[in-house]
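Before any comments, here is the structure.
As the structure lists them, so they are numbered: ligands from 1, and atoms in each ligand from 1.
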Amino acid sequence: MTWETVIGLETHAELATRTKIFCSCTTRFGGEPNTHCCPICTGMPGTLPMVNRKVVEYACRAGLALNCEITRRSRFDRKNYFYPDLPKAYQVSQLYLPIARNGRVRSPRRRGRRWSASTSCMEEDAGKLVHDPWLDQTRADYNRCGVPLVEIVTEPDFRSAEEVIAYLEKLKSILEYLGISDCKMQEGSLRCDVNLSVRPAGSRELGTRTEMKNLNSFKAIARAIEYEARRQAELLEEGGRVVQETRRWDDNKDATFSMRSKEDAQDYRYFPEPDIPPLELSEEYLEGLRAERPEMAEERKQRYQTQLGLPEYDAGIITGQKALVDFFEEVTALGVPAKEAANWMLGDMMRRLKEEELEPKDMRLTPATLVKLIGMVQAGRINRNTASKVFRAFSRRTWTRRSG
Ligand SMILES: [Zn+2]
């Protein structure tokens, strides 16, 4: 029997605001445990939350860029659950009246293919638990409590891992161009829950789905989808039954494992958040945001072709990631012709990024260093080959000192 995989996604992106969603604690990553928190974000009795204006603005910007209808009067809800890294024992979220609904994202690869991308709603992050194996103790660090998140949910629109990755790449690009999230997957500021079921090809009914939570690399997402689709298909072919549950993807074992049976919304006893009044957005406010919309990837790609004369391929690669665009802009601002800058970036630089599995923004090479290097090659002080070697040394993830 042939099986069709059906996938829906819930993506959480941390918003790049300076302060948390309901208090003025910093959102900076890291820091000594429990130094970025206060009575509000640790949920002490008697404290009152105040909504961060910037969070509302960023959520609206995301909603507009995803072609959503913005809810002019939205509301917060309490999602109740106990977890040791959530001292309030509830999360303030938006269930019934989220800020943005009914969005659409166009597939960059297949003409006419569109994915739904509704409901970017605001939530607050939880802290984290750190296990100390020496003392055999688990400790709680509440620094991340109350860091603002936007949740972007899709319908079960996807049929393969490739389609999911194409959507996530596009979503990441949109959030980065808007400048509202740094989307660092390895730090967890962009993470994805994958809902997956299988059904006989041609069937219109949805099968029972499982959920894989907090996947934080494209590679893990693709492998988890392939594994889970195969597991469910094999289970059904043997006459078994898929259980609705949350499963954990183990990157080292290359498999998913059952975590707990999946809760439904009613298990969380959602109710309207009594401490926060509904959010009212005026048409002028939204008009202002629409007017300030920055140039996005596709528009910039067009401009690089027409204004700078870059080939379509080059323009596509550079504008595919906001960090590459920023790098390119700086290099050309320092006087390097566009085509020359693109050649260096698409050749040596892309190769190094791939080899080291680096994100452009984590690279040690600065635009100024590249410009200097190009200048030395042009002046005949070093040849292209030596330049490539210098390039390699500068684009390593960490310095490695070689003796002898
Ligand atoms: Zn706080």
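Other residues, nucleotides and ligands contribute only 12 or fewer heavy atoms inside 6.0 Å of the NZ atom of K219. By the 6.0 Å contact criterion, CZ on R72 is enclosed, its count of non-hydrogen atoms from other residues, nucleotides or ligands being greater than 12.
Screening the protein for N, O or S atoms under 2.8 Å from the Zn ion (ligand 1) yields 4; no waters enter the count.
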Can you give the donor-acceptor pairs under 3.5 Å from side chains of residues 15-23 to other protein atoms, not counting sequence neighbours?
from: T17; atom 1: OG1; to: T19; atom 2: O; distance (Å): 2.8
from: T19; atom 1: OG1; to: N52; atom 2: ND2; distance (Å): 3.1
from: K20; atom 1: NZ; to: H36; atom 2: O; distance (Å): 2.6
from: K20; atom 1: NZ; to: N143; atom 2: O; distance (Å): 3.0
from: K20; atom 1: NZ; to: C145; atom 2: O; distance (Å): 2.8

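Note that CG of L196 is 9.5 Å distant from CZ of R231, once rounded to the nearest 0.5 Å. We find the CG-CZ distance between L66 and R61 to be 13.5 Å, quoted to the nearest 0.5 Å.
By the 4.0 Å N-to-carboxylate-O rule, E69 lies too far from R101 to be salt-bridged with it.
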